[in-house]
Every structure is written in C-alpha cells, then in structure tokens.
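Numbered from 1 within each chain, the chains take letters A, B, ... in sequence-line order.
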Amino acid sequence: MARYNAKESERYWQGVWDDRALFVTPVESEKPKCYVLEMFPYPSGRIHMGHTRNYTMGDVIARFRRAQGYNVLHPMGWDAFGLPAENAARDKGVSPRDWTYENIAAMRTQLKMMGLSIDWTREFATCDPAYYHQQQKLFLDFYKAGFVYRGEADVNWDPVDMTVLANEQVIDGRGWRSGALVERRKLSQWFFKITDFSEELLNALDTLERWPEKVRVMQKNWIGRSEGLKFQFALSNGGKLDVFTTRPDTLFGASFVALSPEHPLAQELAQKDKALADFIVECRKTGTAEAEIEKAEKLGYDTGLTAAHPFDPSWKLKVMVANFVLMGYGTGAIFGCPAHDQRDLDFARKYGLCVTPVVVPSDADPKTFSVGTEAYTGPGKLANSQFLDGMTVEEAKAEVAARLEKAGMGERTVNYRLRDWLVSRQRPWGCPIPMVHCPICGVVPVPEGSLPVLLPDKINFSVRGNPLDADLDWKTSVCPSCGEAAVRDTDTLDTFADSSWYFARFTDPTSDTPVNKQAADYWLPVDQYIGGIEHAILHLLYARFFTRAMNKLGMVSTPEPFAGLFTQGMVCHETYKDDEGNWVSPDEVEKKGGKAFLRSSGAALEIGASEKMSKSKKNVIAPEEIIDVYGADTIRWFMLSDTPPERDVEWTDAGAEGCWRFVQRVWRLAGEAEGLAPVGTAPTADDEISKALRQATHRAIAAVTEDLALLRFNRAVAQAYMLANAMADGEKANPAARREAAEALVLLTAPMMPHLAEACWQGLGHKTLAAQTPWPVHDPALLKSDTITIAVQVNGKRRCEVTVAADAGNKTVEAAALALDGVIRALDGAAPKKVIVVPGRIVNIVA
RNA sequence: GCGGGCGUGGUGGAACUGGUAGACGCGCCAGACUCAAAAUCUGGUACCGAAAGGUGUGUCGGUUCGAUUCCGACCGCCCGCACCA
C-alpha cells in the first residue's frame, strides 16, 4: 500500500473544505451554540510553535463540538496596532499599514496550512478603519456614560524622543531607544474608570468556575481589596490629615504619622523648606528602580509638624515624610505603629521612635512582652490601650471604628489596589481618540456622524515625538461645538483596548454599531477561550471591564466575556552553545548518542536547558519547515501528545518522528479495514476476538469523548494509541468489527488530524466528509465485561489476582481469594482476621 | 516576605471521588523481513535478586485494612505579587 502523502492530501482536503464553505458559521441555527476562541495573534509576519499549539487546541475543540452537533463559532483576526509596525516603518521606511497587511497575508497563508476549521469570512484586523471606527463609537459611548475621564498622571517621558514610554521601555532610568534620562511628567491623559467596577470584578471571579484557579487568584491580588478605616488627624498647623489603616486596633501603639513624598501636604511644605524639597527629590531617584525598592533603606524627614492623637488630643505624634509611603494607595498618609508593622518598626528603630506593643499573644505576659527587631502581627489581646484593653484584635478594630465614626472623625472604607486604566498613548499606529480640543469649549467629542477619525495616509516617522502631533494637516480641525479652529487629540488608545472587545465584534463583524446585540447575546459569553498565561491579568481584566461596561450600556446581556478559560503552556526546545559561548541553532546541530555536534565542522557543542523558544537563544523551530517535511497533522498531533496542555512542552525531533509514524499507522490500519465489509455493515461480536475488539473500540469512544470535553488532549492521544494497538491484536476479528474499529479510530482522531481523517474516511468508502460526520457514541453494554480481574492483597500488600464473574457477590469473591495459592502461602497457616472486599476493585485480607 | 503550584522509571507523562503504581509515547534491547540498510512488524524494558522474594511515587512522621492520592513537618524546583499600611 502506498504511503500517506501528507502534503498532497492536506492541500486537497483544505480545498474541499473551502469549496464547500464548511466552516462558515450559519447565522441562524436550531443547534446549541459553542463559541471557541483562541487569543488572536499579533501579525508579526510568521507563525511560531506557540501559535500552532494554541490554535491546534482550539481547533480540536471546535471540530469536536461541531461533530457533537453544536453550532460552533471559531473565528480569527489580528491584533494589528502597536509598536513593532512603527519600528519596522522607521527602520525600513515602509508604511506601518503596508507592513502590517503584508504580515497578515503571510500569516493567514501559514495558518491555513494548519487546516484550522476557522470561519474566515469573519476575519478582521484591529487596524481596519471599519473596526476602529466602531471602537471610537464605543469610546464615546463610554465617555457619555462616565466610564472615561481626563486626568493628570505621572508618566515616563523621554525628553529626546518627546514621547511617553511604557514602564518596560525604561531601562535603568533611560529611554530604551534614545538613551536619555527619563523624566516623570504630569500629563493630562485619558483614563477608563475601571475602579468603578473593582467590587464587581472581584466578586464575579467566584462565578468563573471554568477559569484556572491561578488566574483568579492573580486577578484577586491585583484588585487588592482591603477593608479598613479612614480617619483624620488634627495637625499643629490647624490643618487636617486623612490616613487609611487596616489596623485601627493598634491606634494606641502609634508613634508617628508619615506622609508620602508625593503627598500634597509634603509638596506644600517643601516650598518653604529647601531640605525637605531635596529629600523629596532624593526619594524620587530611588523610587523608580524596582529591584532597589526591596533593599532600600527606610528614610524619613521630620516636618516639624505634629498630629494630635484622636483619642487623646494632648498626645502629639511627629509628622514625618517617609520614602516608603505610597501616594497611590489609600490616602498617601499613614500612622506608624512600630510594634505591629515591620516597616514601621524598621523606621522607628532608625529614628529612635518609641515602640509600644498593644497586641499581646495569648501565651505572653502583657507586663513583660516586648518587640525587638520583628514586629508582632499575629492575634492576641489588646494592652496599653485604655478602653481597648483585653479585647481581641477584631473587637478592638470594631470599637475604634465605631467611636471615630460616632465622633465624625472617620469612616470605615474599602480600599483597592486597582487603579484606573490610563489609555492615552503618544503613538501614531493606534486607534485615534475621537476628541477635539477647542480653545473656547475645551474638550469636545467628535460627533458620531463625523466618525471615523481616520489615521493619516502617510505617517512621517522622521519627526521627533508623535508623528500625529507633528502632522498639522491632520491635527487641525474645527470645534464641533462652536465651529472655531481647534486641534484633534493626537493620542491613540492603548492597544489593550483593541483586544478588549474583539470577541464581541466577531459575533457580527459587519454590524454598523460596535456590537449587534442579537448576535452578541446568542454567542456570548465565549464558551472556551484559550491563550497564554502571560495575559492572566491585563488583557483578561480589561476584557472583563469592557464587557461589564458594555453590559451596563445595554449592548450585551452577559456581564462576563469568557465562561471557560484555558491557559496553555509554552513550547520549549533544547539550547546549544559552542565553545565560545555562542548560541547555536538546532538546524546547525547534529545529534549522536545524546551528544550534540556542529553539522558543518563536527565540533562538539554544549547542550543546555530546554527553554522557551526565542530568537535570542536561537532555539527556534519554524512550524512551516515541519509542515513541509511531515505535514500539518503531524505537528498538530505532536502538540496534543504526551504533555498536559497547561504545561510547557518540549519539541523534539524524535517525538515528531513518532507522530509521523502514527500518521502512517492510522493510514495503514484504515487501509487494511477498507475492503473487509461494506459501509454500514452492523458489527457483531460472536467470537472472543471480535468481542474484545468491539469492547476496545467502545472503551476508546467513551474515553476520548470524555478527555476531549475536559481538554485532556494528551490522554485522548493515549487512548487513540490503545485503540490502534487493539486493532493490531484484533486482526482475526470479524470484518465488521474491524471496520467499526477503523472508523472509530478515524473519527476519534479527526479533530486532531483532520486531513488524515478525511483521506481515511474516503478510503473506507464513505462519500461524506469526516468533518461532517456525527461524533461516534459508545454502546454502554460493550463497556462491561462478564468477568473481572481484581487484585488480592494480604495486609495491604498485593500478592496475586483473582478473576471472577463481574456480578459475583462479596462472599464468592472472598472464597475465591482465600483459595488462591499465593494467599495461602502468604498467610502461612494463620487465620484471616478480617477480609475487606471492595466490589470490582480489590480484596484485602488482614492476617 | 506574601500568595499559588509542583516533585512518579533512562525520558515526556498515566493512575477517576484513598483500592493492582508506571497506561500511552519516546528511547533502549532482542527477534522477524532484507544480500544489506532504511521503513515496517513482533516481543521485552521501575530497581535489587539466579529464583523465591524484596524495595520503590523528594525526605521524615501520622491517619487507614489499604496512601502517588488525605494530614503535619522538612528539603528542592517553578510561577505570580511585592514597602498596598
């Protein structure tokens, strides 16, 4: 029999699917819906192994659910705005638009070679004017609803390139491109009011049952809810100072009050105090580099002001400015209780402030309990605290809160770590913010009828700063309100905005509103979303925020975008280094007996750890080369085999060859079954071998169905191997049973190796397509056997096994077990004290 | 420091809610076919032991008739957050 020609076959079947528009999703359907989505790619120009893993998993689910009778939506698009296009434009002198669309065309071709069952009629790129037109409408809808506001923000400003930089673009305090020292500047910027949704976003995490626990925990920590008390200190200068604390119980242990260097009061005092101003500048320097923060010494500056203790106005606390107090959390001011907070303790020890324990552990004596170099943060009873003495921490918290609230000096509040989302970017390759700045009317939204605000045809990258800002033709506009000359907002939206609602747009990508509610309500939420763990917080949190905001505006009915989330692991490969320490690419390497040599010279190479494929370590394998050699089905099968999908997988040549062998094996097994019995022959099990084969077939159907539903692809793969092995054992089975097994093998592997399945299915004499064939259903009667073999233990140690009738009673099983030679030998004449029989599982004899 | 996860053969990994540890793949070994090789097929493969048997899921202890699974302590690795009051 001829070997399977993957290349030819794959091209052929992809053509057949295309011609029949097999994966174009019908608008109306009586079937239950299933929306399968993988995180859409950035159009870098070529797909990498990570993409093939991600999209293969999604495709398996899409094909599996389609076969099970679901109406499946499985679309694809492009996250097409962003920096790489700007860099390419600047470096190569091409337009970012052309560069992006050329990359999209190249990647689309590569993805199509994978044989993915995607509805390509719904494809769009976020840089399509039609898409960002709707995004601008959405922005204005959010603006009208109060979800968008303009505020001042501290940003990383590169004074040479005259642009804002993202945090990761600042290296050692300098711009990554210009090398200039980055300044912190206060700029007026647009914000999305994600903090309005803090509570909802947090609470709803509990409803996301099909999300990884890990991601939910990360989001929970990111939102960072803490309950506490906000209250006021009266200051010696007559002013008031708000502080936030989660430990109001420790108020009598207070020994100072501290302000953030960025606190308005600190700033105000610095205007008349040169030394304080210098101190604040000093704090700012150490404040940026992340690694240093950990080791940074606690520094403080005594303002000379004092604060009166709320329960004893004669008790004065020093007001310090301290480098460890954050302006962005709470009120930017705290009271320090050194005995029960490590940071406060470090600070107090350095500046000689008093340390009074007010919470004493239950096993310690309040009279002698003291705090040395470690703050006590555990539970205990209050002491040295007047009316709080003897209370538990919880009781004391409530008492202090109640008293301060009653006195009008404070209130219980909930604080969040989450901050509003700054979306302004001084970048030319993004969605223009549809706002106009008028010298008379101020900030005015562009009227809906004047949308979209299109990007200019030509973007000049030779100017300093944002090309949109330098493009006077583009920038100049008129005020929609008064008609006077005005300028456009030259900022664009953070590209995370683009990916925050694309899943909703896919449900009707041509709608002339951002979403078509009817379509969105039919399809949303996404039933299975698949992507990398690196998006655990930002993308997924932003998408949840957008969905909630759209929900509030009545645009979609679902509050959550993704009912099921799966985060797949990375694709890794061994690394190689030559004797000079240079990385060597796998295609220059020859491996012999577990050692690596340079193919060109034969020089020995050092084999390093398996790491995520990356250009810098040169350990990249190009998917198109693998497809070229083995075909798409082999690479798909590899991506699903062995390693659980959430873990990192290592690409190996040997593994790929193993997959290729299996492709051939399935082809051969199907070919052997071909002429045995006509299509549709009812299988019978009139002899032992046929019965065993039929049982193996139906066990495989049951197992693969369950495994695929739970995304346990590696186990589904193992089940397919087992069925193939059973077919080899069942060569003597009757023709109908062999055909049944072959058809099951083909259909069960069809979602994973779809081209091979079509070829085999045709070979088996079918006129229909495997992709349109219903999923096989197992016969429960064939999962049961007449006899079962169970293990027999003596004192918990396995000694032998016994084969009994499946419906044998415990007494029968017990008697059979006790009669076994192995048991008699192990008992060595002793009488069994107790016999435990777990039906169908085990017998344990206690001697 | 805080939070989360993970430790099983030469190797990737199976083992459902405590019930035959090592499914399935890779690798390796042997055999068949072949002039030979490749491909393919068949068998074997946790460790010690000639065998009987013994030992084994990071380490130590506990619960249990029975523990990879549950509990406690420790060791090691990975990920996330990090002066959040």
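Looking at heavy-atom distances under 4.0 Å, A:Ala258 makes no contact with the nucleic acid at all. Using a 4.0 Å heavy-atom criterion, one finds that A:Val243 contacts no nucleic acid atom at all. Residue A:Val846 is classed as a sugar-phosphate contact, given heavy-atom separations below 4.0 Å to backbone atoms only.
One P atom belongs to B:U68, the other to B:C16, and the distance between them is 12 Å to the nearest Å. Taking the P atom of each, B:G43 and B:C48 are spaced 25 Å apart, rounded to whole Å. Across the P atoms, B:A67 and B:A14 are found 23 Å apart, a figure rounded to whole Å. Look at the C1' atom in both B:G9 and B:G61: the space between them is 26 Å, to the nearest Å. Between B:A23 and B:G44, the two P atoms lie 12 Å apart (nearest whole Å). Comparing the C1' positions of B:U45 and B:C24 gives an interatomic distance of 15 Å, to the nearest angstrom. Nucleotides B:C60 and B:C28, compared at atom P, are 34 Å apart to the nearest Å. Nucleotides B:C77 and B:C71 place their P atoms 24 Å apart, quoted to the nearest Å.
Using modelled atom types, one side-chain atom of A:Gln342 and one backbone atom of A:Thr373 make a donor-acceptor pair closer than 3.5 Å. In terms of modelled atom types and a separation under 3.5 Å, the side chain of A:Asp633 and the main chain of A:Leu756 share a donor-acceptor contact. Side chain of A:Glu646 to main chain of A:Thr567: no donor-acceptor pair is present (N/O by atom type, distance under 3.5 Å, no hydrogens or angles). Under a 3.5 Å cut-off, the side chain of A:His340 and the backbone N or O of A:Tyr376 do form a donor-acceptor pair. Looking at A:Asn714, its side chain never comes within 3.5 Å of a backbone N or O of A:Thr643 through a donor-acceptor pair.
Atom CG of A:Asn795 and atom C1' of B:U64 are 13 Å apart (whole Å). Distance A:Gln664 CD to B:U40 P: 8 Å, rounded to the nearest Å. Rounded to whole angstrom, the span from the CG atom of A:Asn323 across to the P atom of B:A85 amounts to 17 Å. The interatomic distance linking A:Arg417 (CZ) with B:C2 (C1') rounds to 12 Å, in whole Å. The distance from atom CD of A:Glu611 to atom C1' of B:C77 is 15 Å, rounded to the nearest whole Å. Atoms CH2 (A:Trp211) and C1' (B:G80) sit 16 Å apart, rounded to a whole Å. Rounded to a whole Å, the CG atom of A:Asp707 is 12 Å from the P atom of B:C16. One atom, CE of A:Met570, and another, C1' of B:C78, lie 10 Å apart when rounded to the nearest Å.
The phosphate of B:C41 (OP1 or OP2) has a side-chain N or O of A:Arg668 nearer than 4.0 angstrom.
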What nitrogen or oxygen pairs link the protein and nucleotides 4-8 of chain B at under 3.5 Å?
none

Table of protein N/O atoms under 3.5 Å from nucleotides 20-30 of chain B N/O atoms:
{"from": "B:U20", "atom 1": "O2", "to": "A:Arg798", "atom 2": "NE", "distance (Å)": "3.0"}
{"from": "B:U20", "atom 1": "O2", "to": "A:Arg798", "atom 2": "NH2", "distance (Å)": "3.3"}
{"from": "B:U20", "atom 1": "O2", "to": "A:Glu801", "atom 2": "OE1", "distance (Å)": "3.1"}
{"from": "B:U20", "atom 1": "N3", "to": "A:Glu801", "atom 2": "OE1", "distance (Å)": "3.3"}
{"from": "B:U20", "atom 1": "O4", "to": "A:Thr789", "atom 2": "O", "distance (Å)": "3.3"}
{"from": "B:C26", "atom 1": "OP1", "to": "A:Arg661", "atom 2": "NH2", "distance (Å)": "3.2"}
{"from": "B:G27", "atom 1": "OP2", "to": "A:Arg661", "atom 2": "NH2", "distance (Å)": "3.2"}

Any protein N or O atoms within reach of nucleotides 53-57 of chain B? Criterion: under 3.5 Å, listing atom names and distances.
{"from": "B:G53", "atom 1": "OP1", "to": "A:Arg825", "atom 2": "NH1", "distance (Å)": "2.7"}
{"from": "B:G54", "atom 1": "OP1", "to": "A:Arg799", "atom 2": "NH1", "distance (Å)": "3.3"}
{"from": "B:G54", "atom 1": "OP1", "to": "A:Arg799", "atom 2": "NH2", "distance (Å)": "3.3"}
{"from": "B:G54", "atom 1": "OP2", "to": "A:Arg799", "atom 2": "NH1", "distance (Å)": "3.4"}
{"from": "B:U55", "atom 1": "OP2", "to": "A:Lys797", "atom 2": "NZ", "distance (Å)": "2.9"}

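Note that CD1 of A:Ile701 and CG of A:Leu723 are 8.0 Å apart. Values are rounded to the nearest 0.5 Å. Atom CZ of residue A:Phe638 and atom CZ of residue A:Phe662 lie 15.5 Å apart, to the nearest 0.5 angstrom. Atom-to-atom distance recorded for A:Asp242:CG and A:Phe231:CZ is 9.5 Å, nearest 0.5 angstrom. Distance check, rounded to the nearest 0.5 Å: CD of A:Glu706 to CG of A:Leu708 gives 10.5 Å.
Across every non-hydrogen atom of A:Ala673 and A:Arg738, the tightest pair is CB-O, 4.1 Å. Between A:Ile194 and A:Trp421, the closest heavy-atom pair is CG2-N, 3.9 Å. Shortest non-hydrogen contact noted between A:Leu382 and A:Asp249 is CD1-O, 3.3 Å.
In this structure, B:G27 is classed as anti because its glycosidic torsion departs from zero by more than 90°.
Between A:Glu646 and A:Thr245, the residue anchored nearer the 5' end of RNA chain B, judged by the nucleotide with its closest heavy atom, is A:Glu646. The residue among A:Arg712 and A:Ile845 whose nearest nucleotide of RNA chain B is located toward the 5' end is A:Arg712.
Outside the 6.0 Å centre-distance limit, the rings of A:Tyr351 and A:Phe256 are not counted as a close aromatic pair.
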Paired and unpaired positions of RNA chain B as dot-bracket, Watson-Crick or G-U wobble under 3.5 Å, | denoting a partner strand: (((((((..(((......[....)))((((((.......))))))(((....)))..(((((..]....))))))))))))....
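A side-chain N or O of A:Asp420 and one of A:Thr195 form a donor-acceptor pair less than 3.5 Å apart.
Cation-pi geometry between A:Lys298 and A:Phe347 is not met at under 6.0 angstrom from the ring centre and within 45 degrees of the axis.
The list of side-chain hydrogen bond (donor to acceptor under 3.5 Å, both in side chains) pairs with a residue in residues 795-806 of chain A, not counting sequence neighbours, reads A:Thr789-A:Thr803, A:Arg798-A:Glu801.
Contacts between residues 334-344 of chain A and RNA chain B, defined by a heavy-atom separation below 4.0 Å, involve A:Ile334, A:Arg343, listed by number.
Taking the six-membered ring where the residue is Trp, A:Phe311 and A:His309 present tilted rings, their angle falling between 30° and 60°.
The pair A:Lys811-A:Glu814 does not count as a salt bridge, with every side-chain nitrogen at least 4.0 angstrom from each carboxylate oxygen.
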